[in-house]
Student: 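Please see the structure below; I have some questions.
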There are 2 protein chains.
Amino acid sequence: MSDTSYAYAQVREAISQQIAEQKLTGNLPSERELCATYDVARSTLRQALGQLEHMGLIYRKNRSGWYVCPRKLKYDPMQHTSFLQYTTAQGFQPSTKLVEQKKQKPCKEIANALELDGRTSLTSILRVRSVDGRAVVVEELNFSNKHLPNIDKHDLSLSISVLLKNTYHHHNVLYDIAVESCCLFNPIAQYLNTYDGALGLKVTRIVRDLEGTAFEFDREYWRHDALMIENKAKLHF
Amino acid sequence: MSDTSYAYAQVREAISQQIAEQKLTGNLPSERELCATYDVARSTLRQALGQLEHMGLIYRKNRSGWYVCPRKLKYDPMQHTSFLQYTTAQGFQPSTKLVEQKKQKPCKEIANALELDGRTSLTSILRVRSVDGRAVVVEELNFSNKHLPNIDKHDLSLSISVLLKNTYHHHNVLYDIAVESCCLFNPIAQYLNTYDGALGLKVTRIVRDLEGTAFEFDREYWRHDALMIENKAKLHF
DNA sequence: GCGCATATTTGGTATGTACCAAATGGTGGC
DNA sequence: GCCACCATTTGGTACATACCAAATATGCGC
């Protein structure tokens with residue numbers, strides 16, 4: 001049991017319990033109503049709501065109110081199953097929207113990771129992926145034109161993995177993945193219908209061929225409350 | 001570049017830049033001083049500090065002040081390298097403190113994961129691990145007495161992996177790991193010298209033998225700003 | 001019914017104030 | 001030189017208030 005010696009903690013526990021007992025579903029009462037209910041100032045209430053948000057129990061949509069979180073999506077970044085595949089397998093309705101595609105020079109971090117000099121061009125796409133109509137992740141994919149000739153000539157709104165397999169014959173690849181918590185700022189926060197400074201999880205992925213040459217660098221910005229990273233493996237001591 | 005149309009965002013960016021340029025190291029000026037510097041109210045300043053905290057740039061120690069974060073520890077939960085090993089390899093000074101050891105009945109979640117009924121006993125230890133004198137993770141390890149007979153008779157302040165290998169001959173195991181963001185509450189928050197409701201990363205691990213029988217269930221509560229999860233793997237499409 | 005302008009509600013931002021408890025720094029006694 | 005005590009500083013909690021902008025509900029004209 002958590003500490004309940006403070007007003008915000010009491011409000012937090014009260015709402016938390018209401019959610020656990022499913023007495024609260026869908027959207028919560030307005031902040032001003034909740035203030036009256038628990039007899040606290042709005043800043044105190046918002047502190048409680050903020051913690052429930054960090055716990056992944058509730059979230060805010062635009063400026064319209066607070067809602068109880070749907071269940072989390074389970075995601076194994078080491079598996080090469082597609083977004084479509086693992087979301088539907090878990091009973092979600094996925095959708096993807098390509099926001100932007102451009103050819104550009106790499107930033108310092110990408111140039112370093114892909115061992116490119118600053119002049120080499122990069123094909124980048126930005127897409128927003130949703131489950132059940134809720135935007136959960138913004139993906140930024142960067143492909144090295146040097147290692148994937150003419151990749152910018154293809155339709156990148158289709159499956160990238162199929163393209164890599166069929167056109168570039170990358171059947172076996174090395175994955176190099178990092179996960180860390182982060183802060184979501186505009187414009188990424190806006191794509192995720194959340195606010196400037198919201199909490200997120202950042203997944204960084206470097207994809208290499210079997211010789212170890214990196215040809216792709218991805219950044220995924222997830223809603224922190226939408227995601228559970230899962231890994232399964234066999235190990236020997 | 002992030003949105004800077006609001007006061008808190010301007011303060012955030014200003015301090016963020018100071019840190020990036022290493023003009024700020026060690027501890028920050030007091031909140032009241034910073035309020036005067038940037039001419040904002042304390043609550044506005046604290047909003048900015050909170051976001052910098054979420055970004056992993058600064059952290060608070062007890063009630064004594066704000067400090068610039070040290071670099072993150074890289075950790076691959078799928079590797080079976082010990083805490084001692086991977087921390088020293090990254091140039092940190094690790095230490096571990098065993099807080100508690102007890103024999104108890106499993107909670108619902110553990111009973112379910114380890115396929116135990118409510119009567120079977122469980123040997124649990126709680127330990128706090130630090131790098132460079134900073135507590136970074138609270139580990140709760142739970143061992144099934146049924147599958148690891150007399151485990152509570154051993155000294156569990158020593159290396160657990162050595163014990164599993166030499167005494168119980170578990171040379172090959174299956175790992176089942178989940179990572180998600182969470183909120184740290186007392187008393188765990190206190191072990192990590194942080195505050196009730198602080199942001200964290202939760203790593204859950206189920207360990208099985210090669211037949212798939214689970215004998216260990218662990219929960220790790222990490223400071224969100226101390227950790228970067230890393231995974232490397234070879235995949236084929 | 002439908003579309004559009006308007007009023008209301010809602011969360012987001014911001015200020016100021018007050019008090020508390022823990023941590024820290026200093027001071028004096030031994 | 002060490003320790004106990006005290007004053008000060010610091011962040012943590014909590015309140016009340018005000019205004020803004022976006023989202024939503026309302027109602028009118030057609």
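To find a chain, count down the sequence lines: A is the first, B the second, and so on, and within it residues start at 1.
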Student: Minimum heavy-atom separation for Leu201(A) to Ser181(A), with atom names?
Tutor: CD2-CA, 3.8 Å
Student: Rounded to whole Å, please give me the gap between OH in Tyr195(A) and C1' in dA23(D).
Tutor: 18 Å
Student: Regarding Glu230(A) and Tyr86(A), do their side chains bring together a donor and an acceptor under 3.5 Å, going by distance alone?
Tutor: no
Student: Taking only nitrogen or oxygen atoms into account, show me every contact under 3.5 Å that the protein makes with nucleotides 14-18 of chain D, one pair per line with its distance.
Tutor:
{"residue": "dA14(D)", "atom": "OP1", "partner": "Ala7(A)", "partner atom": "N", "Å": "2.5"}
{"residue": "dA14(D)", "atom": "OP2", "partner": "Tyr8(A)", "partner atom": "N", "Å": "3.3"}
{"residue": "dC15(D)", "atom": "OP2", "partner": "Ala41(A)", "partner atom": "N", "Å": "3.1"}
{"residue": "dC15(D)", "atom": "OP2", "partner": "Thr44(A)", "partner atom": "OG1", "Å": "2.7"}
{"residue": "dC15(D)", "atom": "N4", "partner": "Ser43(A)", "partner atom": "OG", "Å": "3.4"}

Student: Please name all residues satisfying side-chain contact (heavy atoms from CB on, under 4.5 Å) with Ala113(B), sequence neighbours left out, ordered by chain then number.
Tutor: Ile206(B), Phe217(B)
Student: Any side-chain N or O of Arg60(B) less than 4.0 Å from the OP1 or OP2 oxygen of dG12(D)?
Tutor: yes
Student: If the condition is side chain to side chain donor-acceptor pair (under 3.5 Å), which residues does Arg60(A) pass it with, not counting sequence neighbours?
Tutor: Glu53(A), Tyr195(A)
Student: Which two nucleotides bound the region of DNA chain C that has atoms under 4.0 Å from heavy atoms of chain A, read 5' to 3'?
Tutor: dT10(C) to dT13(C)
Student: With sequence neighbours left out, what residues match Tyr67(B) under ring pair (Phe, Tyr, Trp, His ring centres under 6.0 Å)?
Tutor: Tyr59(B)
Student: Just to verify, what does Gln17(A) make a side-chain contact (heavy atoms from CB on, under 4.5 Å) with, not counting sequence neighbours?
Tutor: Glu21(A)
Student: Hey, what do you get for NZ (Lys74(B)) to CD1 (Ile229(B)), rounding to the nearest 0.5 Å?
Tutor: 13.0 Å
Student: If each of Arg63(B) and Lys61(A) is mapped to the nucleotide of DNA chain D with the nearest heavy atom, which maps nearer the 5' terminus, i.e. the 5' end?
Tutor: Arg63(B)
Student: Where do Tyr191(A) and Val99(A) come nearest, in terms of heavy atoms and distance?
Tutor: OH-CG1, 3.3 Å
